[in-house]
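As structure tokens, the structure follows; a few thoughts come after it.
Here is the naming used below: chain letters follow the sequence lines, and residue numbers restart at 1 for every chain.
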Amino acid sequence: MSIWNMALGWGKRLLTLLLSVFLLVTAVFYVSRLAPGDPLVAYYGDRVERMTPDERAWAKDRLGLNDPITVQYVRWLGRALHGDFGISYQYKMDAAEVIASRAGNTLILGGAGFVLTFSLSLLLGVLCAWHEDGPLDRVLCKLGTAASCVPEFWLSLVFILVFSITLRWLPSSGAYSIGGGGLGDRLAHLALPVSVVVAGHLWYYAYMVRNRLLEEVRADYVLLAKSKGLTKGRVMFRHCLRNALPSYLSLMAISVPHILGGTYIVETVFSYPGLGTLSYESTRYQDYNLLMLLCLLSGTVVMVSGMAAQFINQRLDPRLSARDAAGVREP
Amino acid sequence: MPELLEVKHLSVSFFTHTGEVQAVRDVSFSLKAGEVLALVGESGCGKSVLCKSIMKLLPQTAKIKSGSILVNGADITHYRERDMHKLRGRLFSMVFQDPMTSLNPAMSIGEQIGEAVRVHRPRLSREALRARVLELMALVGIDRPEERMGLYPHHFSGGMRQRAVLAIALAGDPAILFADEPTTALDVTIQAQILDLLRDVQHKLGTATVFVTHDLGVVARVADRVAVMYAGKIVEIGTAEEIFYDPRHPYTWGLLRALPALSKGRDTLYAIPGMPPTLVNPPRGDAFACRNEYALAIDYQEEPPMFQVTDTHYAATWLLDPRAPEVTPPSGGGIHAG
Amino acid sequence: MPDEILLDVQRLTHRYPLTRTMSVKALDNLSFQIIRGEIYGLVGESGSGKSTAARCVMNLYRPQTGKILYKGIDTCYPKAFRANRRMLQASRQLVFQDSASSLNPRMKVCDIIAEPMRLQRITPPRGTLRAEAEFQLKYVGMDPGYLDKYPPELSGGQRQRVAIARALAMEPELLVADEPIASLDVSIQAQIVNLFKHLQAEHGFSFLFIAHDLAMVEFLCDRVGVMYRGRLVEEAPAAQLFARPLHPYTQALLSAIPIPDPRRERARRPLEFHGEELPPESVWIEASPRHFVLKDGRDER
Amino acid sequence: MNGAFERVGIRPLPPEPAAKPQRRRGAPVLSAVLLSAIAAGCLACGLFAAKDPSYMDLEHCAVPPGNAFWFGTDTMGRDIFSMIWHGGRLSLFIGVTAAAVSTVLGVVFGAVSGCAPGWLDAALMRLTEIWLSVPSLLLTVLLQAALGRASPLSLALVIGASDWTAIAKVVRTEVRQLRNSEYILAAKSMGGGFFYLLRRHLAPNFIPSILFMVVMNVRTAIAAESTLSFMGLGLPLETVTWGSMLSLSEKALLSGAWWIILIPGGFLTVTLLCVTSLGDYLRKSASRRERNL
């Protein structure tokens with residue numbers, strides 16, 4: 001397969017990606033306007049209730065909400081293509097700016113959760129696979145299944161109840177104390193939300209690693225590797241883990257949006273000022289422009305991470321790159 | 001000549017959720033340095049389990065129930081994993097049935113062979129390692145080894161992969177090579193090449209070989225001695241000549257008669273009636289009795305012991321008991337020399 | 001009475017696409033005929049295209065070019081196939097190599113055997129479908145007690161018998177068996193081959209037997225075609241082919257089979273065949289009556 | 001002993017003792033018992049939880065568990081004990097209905113995609129990807145908005161409609177795999193049409209492998225309902241479910257009324273655990289059967 005062909009393949013994928021994001025955005029645009037509720041509330045707050053019909057009409061006109069949906073859509077799309085995503089009704093600021101001001105917090109929370117989840121799950125997965133069916137493996141499996149059943153919001157509540165209210169060890173809300181505070185303060189505010197994020201996802205991935213490794217351990221080539229005289233550790237790490245790693249990495253790539261998106265609930269419970277609370281508010285109060293931009297963002301993250309996963313798989317796994325060049329045998 | 005490998009009354013069982021599967025039942029045999037012993041039998045007779053249990057490559061559900069395994073006089077029956085990996089590769093190594101799955105698909109051939117060399121000689125320099133890998137690849141008849149070192153298994157055909165597996169098995173200069181149906185998954189023409197290769201290598205290096213197969217033709221080509229297995233037991237063991245030209249066990253007669261080459265011009269092929277028994281509940285007495293037209297009443301009661309025919313030839317059938325009636329083996333039951 | 005040709009395969013070519021631009025040629029101008037009532041063996045090593053040929057004959061694959069005439073009907077031509085669908089589906093039956101995957105693991109033996117009759121809406125001659133299944137099962141030498149078992153509970157040989165019973169329930173005129181004994185043990189192989197021979201003698205169906213085991217082919221078949229890389233390199237009556245193979249590939253193939261006789265076997269040196277590609281200008285000639293061989297066109301000149 | 005050495009030839013074997021029916025290892029007995037107890041309690045709640053779950057006894061707000069109120073009352077003075085059982089009924093109903101909806105959607109979508117020609121299959125799979133790329137909470141909110149007022153049934157439909165992709169993917173892969181298996185080829189060559197193949201051959205083979213996903217979907221749906229109601233995006237406060245009970249927890253946190261959080265949440269978690277272990281068991285026994293085939 002030549003470089004040209006490869007470029008062609010990726011170009012095609014990029015095109016479908018753009019198309020998918022476009023479809024997604026269109027669908028969300030139309031569906032969100034079907035929802036009952038009054039976007040004016042987001043902009044004018046309580047004043048809306050005291051408005052006369054004329055004032056309402058004027059206000060709607062000012063926000064461009066009187067035109068047919070398709071006209072609104074075309075206008076939005078035209079502006080969006082120029083990088084103008086409109087203003088957030090609630091914050092009365094550029095939607096992009098609102099998001100930019102919150103994105104950092106979510107990235108810190110999600111990023112910390114992501115790194116911890118994946119390093120811990122790799123560790124746990126290898127540990128379980130090593131002691132397959134032993135007491136440690138069984139206990140961990142049971143514990144993990146139990147932990148993955150607890151709904152995130154409830155776990156957050158219990159954590160707050162235990163660590164903030166009863167023990168008073170850690171703060172229960174926000175990203176930092178009012179009036180700033182140093183790194184320690186930030187970390188203290190992060191501790192509970194991050195542990196909920198990790199607890200919610202950890203076992204799913206650890207179990208995946210465990211099963212993937214065991215699949216490799218049962219493969220025939222392990223017998224040959226053992227009969228060479230390799231130790232169990234060498235077989236496990238040099239052969240099994242190495243073969244399981246590409247699929248684990250691509251799984252990591254796919255789950256970027258899952259873990260980032262999973263912060264949604266946690267952010268709301270802990271009143272953590274991130275994109276999660278933002279998207280919760282924007283759906284609740286029909287803050288259309290903000291909602292659209294958030295959807296665009298999350299759609300892009302999902303699709304890009306999907307592509308990254310495919311890329312990782314193809315580059316790291318010689319079996320797959322061989323399939324591309326199938327038919328070429330025996331030089 | 002001292003015995004290189006001695007297996008005494010070995011029994012191996014698998015403990016599954018359907019019960020205990022007695023895969024190997026009271027097997028004894030020995031192997032001298034440099035000789036080729038063929039283990040013949042139908043699938044499920046325990047021949048492959050026997051090899052893997054000697055190398056301790058069986059899954060955790062399998063247990064050695066009784067008996068002992070001696071290598072160079074040392075008892076390795078109760079060796080743990082950490083003792084075993086020092087023996088594997090150097091004392092004995094194995095070639096597996098399916099070359100398509102027995103190589104790591106994500107590692108280049110050169111790397112896999114190199115790893116096998118390095119295990120036993122960790123202080124080898126890079127150049128020396130490379131030279132040794134090339135030497136091994138040339139030994140097993142892989143042309144242009146320099147080019148092919150960096151290739152992955154999927155670039156290779158079945159025959160080539162089996163050569164690579166053989167190179168890996170030979171990397172540590174093992175004293176014993178277990179070859180578990182190494183040619184079954186290959187085409188006949190490739191099988192012939194691999195068999196010749198095995199024989200050449202065996203002559204060159206003097207590696208004692210245990211060759212597992214179900215094909216008597218292959219046995220005739222490679223084996224010095226033959227052990228016939230049925231339902232987890234060795235029922236007859238002897239030199240190749242003795243087994244082919246003077247078989248004593250009715251099962252061996254049946255196997256030889258069932259060869260289509262020997263039914264030329266006949267209307268029907270000879271077929272051993274019935275099916276092999278399950279090893280969950282092996283029948284009482286001789287497991288082969290219910291398929292054996294020469295069965296004696298005692299076969300259904302009591303397991304036959306090994307009767308000695310010559311110094312090298314033993315068979316487990318009551319027909320060899322002095323009290324048994326005289327039975328003429330069926331024509332085709334032994335191939336007449338000449 | 002002149003031999004009636006039941007199946008006439010003409011210049012069949014089939015490619016498997018690999019990528020958009022590459023493909024593998026599985027069949028290359030394959031032609032052969034099966035006469036009513038004969039057992040035709042197709043042998044070759046893996047990748048020679050013999051299974052593809054069987055599947056084309058059974059209309060499971062559509063060849064790119066070429067014709068398959070069954071009783072004079074071109075079955076590759078969709079219109080002709082549709083017009084004769086019921087006859088074609090009933091009178092040609094297939095037995096696969098791997099009985100573990102060709103029988104639905106979640107169906108009982110009696111349903112498996114009765115399936116073709118149910119599909120073709122044939123009134124069973126012995127009353128009920130179950131009675132018919134029982135008869136067929138006994139016919140292939142199995143106890144009726146197995147009727148209510150599931151395939152995973154049976155041994156390989158028993159499963160293959162069930163597959164044969166299913167095929168025979170339709171009283172086929174052409175039976176195609178794609179490596180039916182390759183996954184069985186030697187002693188069971190002999191049982192199944194005997195069964196085939198016995199059934200063929202009794203029913204008189206034509207039989208396309210595909211195998212890589214030459215010894216069994218020699219025993220069972222009337223005529224044998226040898227395939228190499230999608231082409232037929234030699235075709236002759238079985239006895240003649242095994243006594244006097246002409247094509248170097250056939251010779252290599254025959255000499256590669258080990259003989260179960262230590263003294264003779266060790267003294268022997270198998271022939272090798274190095275013709276990687278068959279020259280395209282090869283010609284198909286009749287070397288002796290009914291014995292055809294593919295000759296390198298360049299030798300002739 | 002002469003008789004013993006008489007030649008008798010082949011004798012039929014005594015019939016093998018029939019295999020003993022064995023107890024399946026690792027059957028989740030405890031989970032099954034607990035789950036049936038909870039389900040029975042919810043169904044028969046009228047019999048023993050006599051108090052009206054929606055009655056607000058404003059004189060007894062946030063009373064800790066005691067003799068009068070076994071599980072205490074919430075901040076609005078409602079009796080938690082009867083809320084648990086009445087609300088559980090609704091939660092379970094939503095879970096089961098949503099799982100049924102997602103199963104039907106997933107199986108239809110997956111089967112069509114699995115049997116369709118390549119281009120259609122690719123298009124359908126792209127569609128599921130797009131579907132997946134909308135954050136699930138957002139998706140349910142949008143769907144809910146499109147359906148109009150929130151009621152238990154509409155919420156179940158919404159949750160079901162947002163959660164069918166996993167089943168669709170599994171069904172599609174299974175169908176693709178089975179489609180090339182030899183017994184399908186055999187049935188085809190005997191003249192079996194598409195619906196015959198689907199009914200007799202495909203469905204019996206993929207049903208066991210999706211059964212556990214269905215059970216897991218019940219779990220996801222119960223969890224989703226409680227999360228949505230907790231966040232105020234699902235059912236209103238007056239409709240009692242385990243989730244809506246928990247939406248009062250912010251006030252409860254301030255007053256340290258642990259029972260308002262721990263008791264409904266505990267029931268919810270135990271139910272989810274039981275459903276999960278049942279699902280796990282189903283998956284294990286399905287894969288064990290696969291290995292035995």
Side-chain angles (χ1 to χ4, degrees), chain B residues 14-22 59 61 230-231 249-251 253-254 257 270-305 307 317-330, chain D residues 1-33 173-174 176-183 185 204-205 207-209 211-212 215 276-293:
Chain B
F14 286 86
F15 293 89
T16 66
H17 60 277
T18 47
E20 181 192 344
V21 181
Q22 304 176 23
T61 49
Y230 185 77
H249 197 283
Y251 179 62
W253 295 341
R257 271 175 82 191
Y270 174 78
I272 303 173
M275 286 181 308
T278 63
L279 295 174
V280 182
N281 292 308
R284 200 170 148 210
D286 184 357
F288 185 61
C290 55
R291 302 175 73 186
N292 178 6
E293 48 189 302
Y294 304 99
L296 307 178
I298 192 173
D299 276 321
Y300 292 96
Q301 303 298 326
E302 208 176 316
E303 272 186 65
F307 288 96
T317 168
W318 284 114
L319 290 177
L320 292 173
D321 191 278
R323 291 165 291 183
E326 197 69 23
V327 166
T328 32
Chain D
M1 264 301 274
N2 244 349
F5 287 90
E6 195 183 340
R7 183 170 154 185
V8 292
I10 297 170
R11 271 192 203 162
L13 270 180
E16 264 183 48
K20 274 174 257 151
Q22 337 150 18
R23 228 180 66 90
R24 295 247 174 139
R25 253 189 68 211
V29 183
L30 184 68
S31 297
V33 169
T173 351
E174 288 276 325
R176 291 250 133 187
Q177 238 168 42
L178 291 171
R179 218 165 63 138
N180 293 323
S181 73
E182 289 191 334
Y183 60 86
L185 280 182
N205 280 293
I207 281 175
S209 55
L211 201 60
F212 101 91
V215 173
T276 309
S277 68
L278 281 182
D280 254 357
Y281 173 67
L282 280 177
R283 187 186 45 128
K284 272 184 198 144
S285 61
S287 68
R288 184 161 48 216
R289 212 167 332 153
E290 215 96 300
R291 245 178 288 138
N292 282 352
L293 294 188

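Residues passing the side chain to side chain donor-acceptor pair (under 3.5 Å) test with B:T16 are B:T18, sequence neighbours excluded. Qualifying salt bridge (Lys or Arg N to Asp or Glu O under 4.0 Å) partners for D:R176, counting only residues two or more places apart in sequence or in other chains: D:D121.
Between B:W318 and D:F5, the ring planes are perpendicular. Angles over 60° get that label, and only those under 30° would be called parallel. Classified by interplanar angle (parallel below 30°, tilted 30° to 60°, perpendicular above 60°), the ring pair B:Y230/B:Y251 is tilted.
Ranking B:A289, B:A297, B:G274 against chain D, the residue ahead of the rest is B:A297, based on heavy-atom pairs under 4.5 Å. Among the candidates B:V280, B:N292, B:V327, the residue making the largest number of heavy-atom pairs closer than 4.5 Å to chain D is B:N292.
At a 4.5 Å heavy-atom cutoff, B:P250 makes no contact with chain D through either its backbone or its side chain.
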